[in-house]
Amino acid sequence: MEVSYILDGLNDFQRQAVAAPSGSYLILAGAGSGKTRVLVNRIAWLIQTQNISPYSILAVTFTNKAAAEMRTRIESMLAMPVRGMWIGTFHGIANRLLRSHWQEAKLPQNFQILDADDQLRLIKRVIISLELDEKKWPARAAMYFINSHKDQGLRPGNIEDYGDIYIKTNLDIYKSYEQACQRGGMVDFGEMLLRAHELWLNNSTLLKHYQNRFSNLLVDEFQDTNTIQYAWIRLLAGANDNIMVVGDDDQSIYGWRGAKIENIQLFGSDFSNSETIRLEQNYRSSGNILQAANELIAHNPGRLGKQLWTDSDDGEPIKLYAGYNEIDESRYIVSCIKEWSDQGNPFKEAAILYRSNAQSRVLEEALLRLKIPYRIYGGQRFFERAEIRTVLAYMRLISNRGSDAAFERIVNTPTRGIGDKTVQNIRQLARHRDVSMWQASISLVDSTQLTNRSRNAIDVFIQLINSLDELTKNCDLSELCEIVIAQTGLQSYYEKEKGERGQARLENLKELVTATKTFDPEQIVSFDPLNDGTNGSETAETQTLLDDFLSHAALEAGEGQGDLSQDCVQMMTLHSAKGLEFPLVFLSGLEDGLFPHQMSMQEPGRLEEERRLCYVGITRAMKKLVLTYAESRRINGSETFNRVSRFIEEIPRELIEEVRLRGNVIQPPSGLKPFKKNILAGNIEGTGLTLGQTVMHNKFGEGVVVNYEGEGKQARIQVNFKGEGSKWLMLAYANLQPL
DNA sequence: AAGATAGTCGTTTTT
DNA sequence: CGACTATCTT
């Protein structure tokens, strides 16, 4: 068969990876070095030339989107659908395993997946039931405690408290939470991975079966795997040692979520005969941009070492703009985009990146002013919206009365006279008798414990759910969804909600109905033929469509993105920009305290991760890169003065062209205070000092001039000192030395 | 039980 | 500043 097309157009190293004989490989793939291409072609190569059945391939990706894209690309390359191959996220794959082997995993067949929101609610309730002070033991912190230990594969029994009250209390919460989950048949994200791991650890037949079946493993974004994911994949690889992992230690930006770059080193020592292949040729960015990225990341110690290079020209210098505040900064960015568009380029080729979501607002306003279309990525996802979750909770309770999480969510939504106190009663009884809240409420209706009023209210609710269940017995998913929306009163509830909000919610409900209509579980999971000819231990249980849909909603919260069909400027956080590329990129808010973020500046390890984040940002740019910062910025309502980001200082000066157009192109906003005149001019008269200039003070050391007011003897100057923060000084006595 | 108002606290995000 | 919560009022 003619297979050269699989290798055509690849460079030597890419080809080496794609056509490697079986074994274990670590592909260190720099930004823009064609790593997805390598993975796709590798799989195509295995199937097409090595006679490997798709059935024996398992590929893990970081997001559902990446999994879908990879499958599409492989299928279009091979010009045929690839059945039997598993491509998905760790969680998606774990879910699938647990659904097939729910008995071995000691789970109910229709176990419920808790997303972060469900989990937090449940933990809150656990804390209350342990009679702990919520102020002293915030649910968020407990959730972090639980999740980070699960990420490391640690159950309560594996954690030592050393008499530490903090650990001890959180451990109690963890234990109690675990019981609540088990009782309710609920599994959070971390738990899915733990269970999938334990499933194999405790069941060698099953493990052998999967080791036999998946003799070809591939893992993308390997630098983002956590401890339990690594352990799971190591276990599966078994003695086959036939695995290819692809990653880039310089793009590891999820350490705060448990990802361990160390897994890359571990791979080398753990898979003893592993080979490392470096992909260092960058096909994305022009020379200047790439060099800036290289120089920046070189400031990180302990890298595995990669030097990206490119064939392309130096290209344009990187632009640097200092706005005097965030509004000025935004207007500069928008004026650049206007210019870009006037030159005949589409908006969608421009991306504005920022460190935190809060920064998007000012940018939005600036874009709106010039009527430039934009799209903000990230933010709230479809299945995370309150109204959607509410409808899903109804659907869940109809299918499974035991779901306390669903019960709590909807028992009084829309309001039907069941208040806090009544719910507390139900909860108490449920706990006391160790039954579900649903059963507890039935008992309460029959008892005399409650006032007539609340008893009636509960009864109405019970009847509602029962009648809905009856009514929808033979309905398909979308009919069920429509009936729920209409009969529960949610429709009229949101109709009454004032403002645009209610309208938006109704729109979302309509969209949910559409989603149920088009939902096709085969697309998500791509079911295998049942018998694989080994020992038939994969018993693909028949899940109800509803359960599939609910799992889907939890696992894939719904891309808040997509729609590149419209020509919009792309706006997103640096984190969500990973894996994407744009001809024109703006990195905004490059200020110490914002980026690197205040909370990450003290600890070296975290600062390095911020630097990698900056590296990711720079390497998104193909042709043009514009860096901006603001000398003053309103954060949380109060004005702050930050010094320019240290990351800018780590980029060689000669690659950067400073843009100076203060008081020229950009008009200052109205309502200027008098001293801002000075800012517009930049120079502070009669001092030889300039705003933004670095100066030295005898006592406070190095700092940046950020503001100025008054004249002559009264003149005061504001300087933001390294370490000391910002101070107002009398200019006459300050004795500042320009640096 | 539900609505109104005062108080708190601010990363990043996928599963 | 503004989203979210805790507490107070009806």
Side-chain angles (χ1 to χ4, degrees), chain A residues 60-67 88-95 113-120 124 134-135 138-140 144 147 150-151 187-193 196 221 224-226 228-229 252-259 326 353-362 365 377-381 383-384 386 411-424 451 453-454 457 498 551-561 572-579 589 593-601 606 609-610 612-614 616-617 633-640:
Chain A
V60 192
T61 59
F62 188 59
T63 64
N64 290 303
K65 196 178 154 209
T89 60
F90 279 105
H91 294 88
I93 290 165
N95 179 47
I113 300 168
L114 294 182
D115 64 20
D117 195 70
D118 297 325
Q119 191 189 15
L120 189 67
K124 227 174 225 164
E134 283 178 275
K135 289 252 165 59
R140 287 218 154 274
Y144 174 78
N147 288 344
K150 284 193 176 187
D151 284 347
V187 171
D188 63 42
F189 289 127
E191 185 72 24
M192 297 178 74
L193 302 175
E221 305 281 13
D224 290 323
T225 53
N226 63 31
I228 188 72
Q229 288 165 341
S252 162
I253 54 176
Y254 286 102
W256 50 276
R257 216 170 73 186
E326 76 277 16
L353 311 182
Y354 35 80
R355 176 65 236 263
S356 62
N357 282 310
Q359 288 167 252
S360 68
R361 199 182 217 96
V362 200
E365 280 164 19
Y377 283 66
Q380 231 204 356
R381 266 153 272 276
F383 286 112
E384 280 168 8
V411 67
N412 199 33
T413 312
T415 50
R416 49 175 72 87
I418 302 172
D420 260 3
K421 230 177 142 217
T422 313
V423 176
Q424 256 174 39
T451 61
R453 210 171 91 175
S454 24
K498 49 188 180 278
S551 302
H552 167 67
L555 283 174
E556 188 170 356
E559 308 279 315
Q561 17 207 10
M572 68 197 82
T573 62
L574 286 146
H575 281 90
S576 20
K578 192 165 82 156
L594 234 205
F595 187 30
H597 197 274
Q598 194 71 52
M599 320 225 53
S600 307
M601 269 167 48
R606 301 183 69 181
E609 183 157 309
E610 296 275 315
R612 292 193 291 269
L613 192 54
C614 188
V616 167
R633 178 182 298 272
R634 201 162 259 284
I635 298 178
N636 303 336
S638 61
E639 204 161 17
T640 56

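Every chain is numbered from 1, with letters handed out A, B, ... down the list of sequences.
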*What orientation do A:F62 and A:Y254 show, parallel under 30°, tilted 30 to 60°, or perpendicular over 60°?*
tilted
Quick check on [N]: is either OP1 or OP2 less than 4.0 Å from any side-chain nitrogen or oxygen of [X]?
X	N	answer
A:S576	B:dT12	no
A:N357	B:dT13	yes
A:T89	B:dT14	no
A:S600	B:dT12	no
A:N412	B:dA2	yes

[X] [atom1] - [N] [atom2] separation (whole Å):
X	N	atom1	atom2	value
A:Q119	B:dT13	CD	C1'	14 Å
A:M599	B:dC9	CE	P	13 Å
A:D151	B:dT14	CG	P	16 Å
A:K65	B:dT13	NZ	P	14 Å
A:W256	B:dT13	CH2	P	7 Å
A:M572	B:dT13	CE	P	11 Å
A:D420	B:dG3	CG	P	13 Å
A:F62	B:dT14	CZ	P	8 Å

Can you sort out the partners of [X] under side-chain contact (heavy atoms from CB on, under 4.5 Å), two or more places apart, ordered by chain and number?
X	value
A:P138	A:A141
A:K124	A:E134, A:A139
A:S252	A:Q223, A:I261, A:R612

*Could I get the full list of ring-ring contact (aromatic ring centres under 6.0 Å, His included) partners for A:H597, not counting sequence neighbours?*
none
*With sequence neighbours left out, what residues match A:F189 under ring-ring contact (aromatic ring centres under 6.0 Å, His included)?*
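A:H91.
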Which nucleotide sits closest to the side chain of [X]: [options]?
X	options	answer
A:K421	B:dT15, B:dT13, B:dA1	B:dA1
A:T422	B:dA1, B:dA2, B:dT15	B:dA1
A:R453	B:dA2, B:dT15, B:dA1	B:dA1
A:A116	B:dT15, B:dG10, B:dT12	B:dT15
A:F189	B:dA1, B:dT15, B:dG10	B:dT15
A:R381	B:dT12, B:dT14, B:dT15	B:dT14

Under 3.5 Å, which protein N or O atoms sit close to an N or O of nucleotides 2-8 of chain C? Give each pair with its distance.
residue	atom	partner	partner atom	Å
C:dA3	OP1	A:R361	NH2	3.4

Are the side chain of [X] and the backbone N or O of [Y] linked by a donor-acceptor pair below 3.5 Å?
X	Y	answer
A:Q359	A:S356	yes
A:D115	A:A554	no
A:R355	A:L574	no

*A:A554 or A:S356: which one's nearest nucleotide on DNA chain B is closer to the 5' end?*
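First, find each residue's nearest nucleotide; the 5'-ward one identifies A:S356.
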*Could you say whether A:D115 or A:L613 is positioned toward the 5' end of DNA chain B, judged by the nucleotide with the nearest heavy atom to each?*
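With A:D115 and A:L613 compared, the 5'-side residue is A:L613.
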*Is there aromatic stacking of A:Y254 against B:dT14, centre distance under 5.5 Å, plane angle under 30°?*
no
Protein N or O to nucleotides 5-7 of chain B N or O, pairs below 3.5 Å:
none

*Considering residues at least two apart in sequence or located in another chain, which fulfil the salt bridge (Lys or Arg N to Asp or Glu O under 4.0 Å) criterion with A:D151?*
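None.
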Please classify the nucleic acid contact of [X] as base, sugar-phosphate, or nothing, using heavy-atom distances under 4.0 Å.
X	result
A:G419	sugar-phosphate
A:E609	nothing
A:F90	nothing
A:N95	nothing

*For B:dT12 and C:dT5, measure between their C1' atoms and round to the nearest Å.*
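The answer is 23 Å between these two C1' atoms.
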*Any donor-acceptor pair under 3.5 Å between the side chain of A:R257 and the base of B:dT14?*
yes
*What is the minimum heavy-atom distance between A:T63 and A:A66, and which atoms define it?*
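The answer is OG1-N, 3.0 Å.
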_Once side-chain hydrogen bond (donor to acceptor under 3.5 Å, both in side chains) is applied, do any residues pair with A:D224, and if so which ones, sequence neighbours excluded?_
A:K578
